Amino acid sequence: MVRKLNLDAMSVDEIWQLHETVIEVLAARLTAEKHALEKRLAQLHRDKDWSLLNSDEAPLSPGANGTHEARKYSKVSPKYRNPNEPTETWSGRGKRPRWLTAALRTGHKIEDFVIGAGEPENGPPQST
């Protein structure tokens with residue numbers, strides 16, 4: 001059974017000694033746990049390498065500088081346009097742009113900013 005310590009009855013030197021003992025025990029346990037986790041990780045890497053050698057899959061190779069290559073994303077066409085500034089568009093992904101948030105706050109609907117099917121993506125229709 002764990003005995004309770006009465007810290008109020010202990011002197012400063014006794015508490016300091018207890019503190020140092022706790023630090024030593026924690027350091028030893030953390031080192032042992034870290035060693036065990038590193039050993040397990042190395043085992044998992046060996047198992048993965050072995051299974052890749054026995055399968056038809058190609059291993060994932062990092063880029064030339066040791067990092068993984070960035071994922072290639074397809075270009076997303078804009079779906080919404082700022083009528084006051086036609087160069088400002090938004091694809092509908094990510095955070096809403098400030099111009100759209102401000103317009104929605106003033107009572108506009110998001111449908112008011114949808115790029116029409118007949119409208120080219122590089123700007124509003126030109127009037128001649």
Side-chain angles (χ1 to χ4, degrees):
M1 184 179 233
V2 178
R3 67 180 182 141
K4 276 193 162 186
L5 296 175
N6 186 1
L7 298 176
D8 292 331
M10 297 174 74
S11 70
V12 173
D13 290 335
E14 291 173 327
I15 293 174
W16 188 256
Q17 182 61 39
L18 177 64
H19 165 76
E20 289 180 347
T21 304
V22 168
I23 288 176
E24 288 175 16
V25 171
L26 275 175
R29 287 189 182 178
L30 288 174
T31 302
E33 187 173 343
K34 180 181 175 188
H35 178 70
L37 289 172
E38 287 172 345
K39 188 176 177 182
R40 176 71 177 134
L41 184 61
Q43 178 65 37
L44 289 172
H45 279 293
R46 281 193 297 272
D47 291 348
K48 179 182 176 192
D49 292 342
W50 178 255
S51 67
L52 285 176
L53 289 174
N54 291 335
S55 70
D56 294 335
E57 297 176 29
L60 297 175
S61 60
N65 61 356
T67 61
H68 291 283
E69 293 180 21
R71 180 177 173 190
K72 302 206 181 203
Y73 291 97
S74 60
K75 180 138 173 85
V76 179
S77 59
K79 294 177 182 58
Y80 305 96
R81 172 170 286 115
N82 183 354
N84 300 328
E85 186 62 45
T87 59
E88 295 180 343
T89 59
W90 181 50
S91 67
R93 293 185 179 182
K95 189 174 179 182
R96 282 188 181 153
R98 290 181 184 160
W99 61 264
L100 182 58
T101 305
L104 293 174
R105 261 193 254 120
T106 59
H108 288 87
K109 295 179 183 166
I110 196 163
E111 293 83 21
D112 299 339
F113 303 97
V114 173
I115 296 175
E119 185 179 330
E121 291 183 10
N122 56 2
Q126 302 294 324
S127 59
T128 54

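The model shown is predicted, which means the values in this text are computed figures rather than measured ones.
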- [ ] Could you state whether Leu5 and Leu26 fall into the same hydrophobic cluster, counting links through intermediate Ile, Leu, Val, Met, Phe, Trp or Tyr residues with side-chain heavy atoms under 4.5 angstrom apart?
- [x] yes
Open item on the list: Just verifying a value: how many Å separate Thr21 OG1 and Gln17 CD, rounded to the nearest 0.5 Å?
Closed with: 4.5 Å
Open item on the list: Can you tell me how far apart CE (Met10) and CG (Asp8) are? Round to the nearest 0.5 Å.
Closed with: 10.5 Å
- [ ] Verify whether one side chain among Arg40 and Gln43 offers a donor that lies under 3.5 Å from an acceptor in the other.
- [x] no
Open item on the list: Using side-chain heavy atoms (C-beta onward) and a distance below 4.5 Å, is His19 in contact with Ile23?
Closed with: yes
Open item on the list: If you compare all heavy atoms of Thr31 against all heavy atoms of Ala27, which two are closest, and at what distance to 0.1 Å?
Closed with: OG1-O, 2.7 Å
Open item on the list: For the NZ atom of Lys72 and the NZ atom of Lys75, what is their distance to the nearest 0.5 Å?
Closed with: 16.0 Å
Task: Contact summary for Trp99 and Arg81, nearest pair of heavy atoms - done: CH2-C, 3.5 Å
Task: His108 versus Thr106, side-chain donor and acceptor atoms under 3.5 Å - done: yes
TODO: Could you check Leu30 against Lys34 for side-chain contact (heavy atoms from CB on, under 4.5 Å), going step by step and ending with a plain yes or no?
DONE: CA-CA 6 Å; Leu30 288 174; Lys34 180 181 175 188; over 6 Å; no
TODO: Go through the steps for Val114 and Lys79 under the test side-chain contact (heavy atoms from CB on, under 4.5 Å), then give the verdict.
DONE: CA-CA 6 Å; Val114 173; Lys79 294 177 182 58; 6.0 Å; no
TODO: Decide side-chain contact (heavy atoms from CB on, under 4.5 Å) for Trp90 and Ile110; before the verdict, give the C-alpha distance in whole Å, the side-chain angles of both, and the deciding distance to 0.1 Å.
DONE: CA-CA 11 Å; Trp90 181 50; Ile110 196 163; 4.2 Å; yes
Task: Worked check of side-chain contact (heavy atoms from CB on, under 4.5 Å) between Asn82 and Thr87 - done: CA-CA 7 Å; Asn82 183 354; Thr87 59; over 6 Å; no
- [ ] Look up atom CG in Leu104 and atom CG in Asp112, then write down how far apart they are to the nearest 0.5 Å.
- [x] 8.5 Å
Task: Tyr80 and Thr89, any side-chain heavy atoms less than 4.5 Å apart - done: no
TODO: Return the minimal non-hydrogen interatomic distance between Pro78 and Ile115, and the atom names on each side.
DONE: O-CD1, 3.5 Å
